[in-house]
2 protein chains.
Amino acid sequence: MLTDRLRNEFVALLGEDRVHTDPAILALYASDETPKSCLPEAVLFPAGHDHAAGIVAIAAREKLPITPRGAGSGNVGGALPTPGSLVVSFECMNHILEFDPDNRLMVVEPGVVTDDIDELAATAGLMYAPDPGSGAYSRIGGNLAMNAAGPRAVKYGTTRDHVLGLRAVLGDGREIRTGSRTTKYATGYDLTRLLVGSEGTLALITEATLKLLPAPRRVATLRVCYASNRTACEAVIRAMRQPVVPYALEFMDHRSIEAIREYGAVEGLPYGTQAILMAEVEGDAEDIPRYLAALECALRGDGLLEIQSGFSPKEITHLWTARKSLSHAVKKIAPLKINEDVVVPVAKLADLVDAIDKLGHKHGLPLVAFGHAGNGNLHVNIMVHQNDADEMARARACRLELVETVLGLSGSLSGEHGIGSEKRPFVSLEFEPATLDLMRQIKTLFDPHGILNPGKKLPD
Amino acid sequence: MLTDRLRNEFVALLGEDRVHTDPAILALYASDETPKSCLPEAVLFPAGHDHAAGIVAIAAREKLPITPRGAGSGNVGGALPTPGSLVVSFECMNHILEFDPDNRLMVVEPGVVTDDIDELAATAGLMYAPDPGSGAYSRIGGNLAMNAAGPRAVKYGTTRDHVLGLRAVLGDGREIRTGSRTTKYATGYDLTRLLVGSEGTLALITEATLKLLPAPRRVATLRVCYASNRTACEAVIRAMRQPVVPYALEFMDHRSIEAIREYGAVEGLPYGTQAILMAEVEGDAEDIPRYLAALECALRGDGLLEIQSGFSPKEITHLWTARKSLSHAVKKIAPLKINEDVVVPVAKLADLVDAIDKLGHKHGLPLVAFGHAGNGNLHVNIMVHQNDADEMARARACRLELVETVLGLSGSLSGEHGIGSEKRPFVSLEFEPATLDLMRQIKTLFDPHGILNPGKKLPD
């Protein structure tokens, strides 16, 4: 319970309406998209950098843990409060501070909704390339914290490839600026990319200078149905080996197809479809036929059952129906989704998908695998009933084996969701002790009192 | 002087032929491309990671400074030995360990010549995108240390955008691995990009996993002559605002043109040419006319005197003659070149070029400015006579004013050459004290005894 003294101190700093201890409000900020929850001591809404710095100064002095939060749309517990913590929500720091089309950059506060950045950029023929699925509501600060990404990452990279500089507050209140406003930079250490993906454990980001690129011109889409997972994954390798880099290259496995069929979202998939690839190209109108032909040529091969193409927005939307329905479809399998976000080198995708299938059989659980195949990044949904203790035990064993399989394939625990609290137990399986120790020391350097998002990212 | 005991210890570790104290050899390793030199105590040639780790273990114990070295082709003193240091040359660690076209990656030792990486990639229709001018002889380890870049950075970014993971030895001998073999990664802190550009002050890199992209298909070139620097720089802004991202966009100012005319390398430049832009596009044969037309349209405007285009290798080479002759041409002005490598937001380029011109007049020195205009990154050569004390004093004053001007235009000290020893005096002008202190603390964390390339990157 926040003491009156501290409450008053925060009110003096932020104003009465930016400090909340009402249980109904606390409950709204007690979780993210994981099924866990933990009531914070208070929810604070800084309005600017100085507020954030002031909050940290007080928290550091009092050794109060801080849980930074954007929209709370993450699914690994990154914004899940820890006991005794203050949620610091950046929702009110939602201003676009500067839009500079001539220098192809935008300066934003962390609470700006991701899609709003791209929309503003589009007014000048530009885009903010990272396109996480949650973009309509996620905040850029959360994206930065988790190094978020979406389907366009196969062509344009992830969040950390689009950040020129940051302003931030460290765990002991020190205020820093990283990077520059320039697109080349060889001056200081690259603190920008140390902070991106650090999940709120090294600093609170209060401002970001984002890089913009020319907006996509035309997009065309292929939906390709295969008779097996393996032949679809082999097509992914071929697609990534030819010169036209896809604008998207997404995969759905046989369980995804089953779920979608059950859900009734899509009719007319060829009989025997076990896997689907969604592939897109982007370019001028004159480029599209040639790019699509090149991609199609690569995707043709063993196991191909059908290719459909779409050019108009209506056709494209229709082709994506199956993929877009998947979230809802999997919920019909079981109420709780344990969501892994593993990544392997692209050429290991077929082995990974095979292994996932075997794991499902071994542990008697439905595993649905789909995702950003062009980067080797799959979301693996383990569908379970939370109240079934046996199922939950099998799920834990299954997760561990999945992680071991992924690491054995030279992969990594997370391609884009981050670690949060949910994947911490596995982190020490991935890193050599010396590397992990170094990361811990960096954490201590940035946050000597350990108040920034404790219990996340690095194992104790 | 290296004691016999220590000499023997290194010989036991590396072998007799990998430990050199002969004065003739020491002299060869006493400098880089700056005009300074300092004899090291010894030159060591590790053959692999374990050698490097062993060297650091001994050096850390004895508090012996290490100067890591690739080809010594840098121009900021990065590989300049400090008194009492051991040069650790990675020349012998020049093996390509793995080439994996299906996963579009290559694993290399730090001594591999940069162009060799690109050549091997090309055999599979791929490229290593960073193209520093020194690529024919620079080593990838040096490129990584300095975050090197070249003309292609305007389209493809710099070295740090093309590194998936590293293996390295810290200053106290700890051995770490950073990053992954995957093209998306959200697991640990991004230590990879902390090390890239750290100029050998945080760790010795012993292995790098590099990302490859599809190789360029066709390239076409424009040489565009303008009546003034300002109109050329305004054309740069227009070029960077339209959707076709140039494959190169290089600028030469009026003093560059004067030098080239004097040198006689190019005839037939239109009368009144004060600035030249070299612009390139890349794509399929079918794309080239359209891309070139878009770029040309953007480059046309006030001040345009002439546009010439080139499509065949011969035509392209011919158009680049002026630019390629510039290095030699400036040497005719004066024997010593003080080479600044400043970077500003692209829209500030015209102001920067104006300011450079004024600085030249103010200090009575020839300043030649040219470079990677699409990134706002200019090389500013201050041409002086080393033995003229007055000139050297004016050059120092001029450098300081240049730096202050660049910082006032929201720029940064270095776009690609790095800081080394030569630019350290200016670093504290760019960073707020808290940010600089944090970098120093990171340095101390990675290198507690301060043995890795002391006297470089960060001011004392």
Side-chain angles (χ1 to χ4, degrees), chain A residues 101-103 125 146-147 149 153 158 160-161 174-177 180-190 193-194 196-198 214 217 237 240-241 243 245 284 286-287 290 343-347 375-377 410-419 430-432 434-435 438-439 441-442 445, chain B residues 101-104 125 146-147 149 153 158 160-161 174-177 180-190 193-194 196-198 214 217 237 241 243 245 284 286-287 290 343-347 375-377 410-419 430-432 434-435 438-439 441-442 445:
Chain A
D102 282 348
N103 287 307
M146 313 310 278
N147 190 36
T158 62
R160 71 166 56 97
D161 300 309
R174 283 176 291 170
E175 301 169 50
I176 64 165
R177 289 185 191 269
S180 68
R181 289 176 67 100
T182 57
T183 55
K184 284 172 74 172
Y185 177 77
T187 305
Y189 295 143
D190 191 352
R193 269 156 286 272
L194 185 60
V196 175
S198 64
R217 290 151 286 180
I237 298 175
M240 294 306 293
R241 284 289 282 116
V245 182
D284 291 329
E286 299 93 326
D287 295 320
R290 183 166 26 94
V343 61
V344 294
V346 167
N375 292 106
N377 175 209
S410 306
S412 184
L413 278 176
S414 176
E416 65 185 18
H417 289 168
I419 299 298
E430 178 159 341
F431 295 111
E432 297 176 352
T435 305
L438 181 63
M439 291 187 194
Q441 289 177 312
I442 289 170
L445 178 61
Chain B
D102 282 349
N103 287 308
R104 299 205 300 198
M146 313 311 278
N147 190 34
T158 62
R160 70 165 57 97
D161 300 309
R174 283 176 290 170
E175 300 168 52
I176 64 166
R177 288 184 192 270
S180 68
R181 287 177 67 101
T182 57
T183 55
K184 283 173 75 171
Y185 177 78
T187 305
Y189 295 142
D190 192 351
R193 269 156 286 271
L194 185 59
V196 176
S198 64
R217 289 149 288 178
I237 298 174
R241 285 287 283 117
V245 182
D284 291 328
E286 299 93 328
D287 295 321
R290 182 165 27 93
V343 61
V344 294
V346 168
N375 293 105
N377 176 210
S410 304
S412 185
L413 278 176
S414 178
E416 66 184 17
H417 289 168
I419 299 298
E430 178 159 341
F431 294 112
E432 299 176 350
T435 305
L438 181 63
M439 291 187 195
Q441 288 177 313
I442 289 169
L445 178 61

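Protein chains get the first letters and strands the later ones, always in sequence-line order, with residue 1 at the start of each.
Between A/S412 and B/T187 the shortest heavy-atom distance is OG-OG1, 2.7 Å. In terms of heavy-atom proximity, A/V346 sits nearest to B/N103 at N-OD1, 2.9 Å. What you find for B/T182 and A/P345 is that their closest heavy atoms are CG2-N, 3.6 Å.
Options A/N377, A/V196, A/D161 differ in how many heavy-atom pairs under 4.5 Å they form with chain B, and the most are formed by A/N377. Interface check for chain B: of the options A/G197, A/P214, A/G125, A/G415, the most heavy-atom pairs under 4.5 Å are formed by A/G415. Per-residue heavy-atom pair counts under 4.5 Å with chain A were compared for B/A153, B/G411, B/G188, and the maximum is reached by B/G188. Comparing A/R193, A/R181, A/M146, A/E175 by how many heavy-atom pairs each has under 4.5 Å with chain B, the most go to A/R193.
For the pair B/E432 and A/R177, the minimum side-chain heavy-atom distance is below 4.5 Å. The shortest distance between side-chain heavy atoms of B/T183 and A/M240 does not fall below 4.5 Å. Side-chain contact between B/L438 and A/Y189: absent, with no pair of heavy atoms (C-beta onward) separated by less than 4.5 Å. The shortest distance between side-chain heavy atoms of B/R290 and A/D287 falls below 4.5 Å. A/V343 is not listed as a side-chain neighbour of B/Y185, based on a closest heavy-atom distance of 4.5 Å or more.
Both the backbone and the side chain of B/S410 have a heavy atom closer than 4.5 Å to some heavy atom of chain A. Residue A/I237 touches chain B through its side chain alone, counting heavy-atom pairs closer than 4.5 Å. Only the side chain of B/V245 has a heavy atom closer than 4.5 Å to any heavy atom of chain A. For a residue to count as touching a neighbouring chain, one of its non-hydrogen atoms must lie under 4.5 Å from one of that chain's; by this rule B/L413 touches chain A with backbone and side chain alike. With a 4.5 Å cut-off on non-hydrogen atoms, A/E430 touches chain B through its side chain but not through its backbone.
With sequence neighbours left out, the side chain to side chain contact (heavy atoms under 4.5 Å, CB included) criterion links A/P101 to A/F99, A/A124, A/L126, B/R241. With sequence neighbours excluded, the residues forming a side chain to side chain contact (heavy atoms under 4.5 Å, CB included) with B/A186 are A/S414, listed by chain and number.
Note that NE2 of B/H417 and NZ of A/K184 are 8.0 Å apart. Values are rounded to the nearest 0.5 Å.
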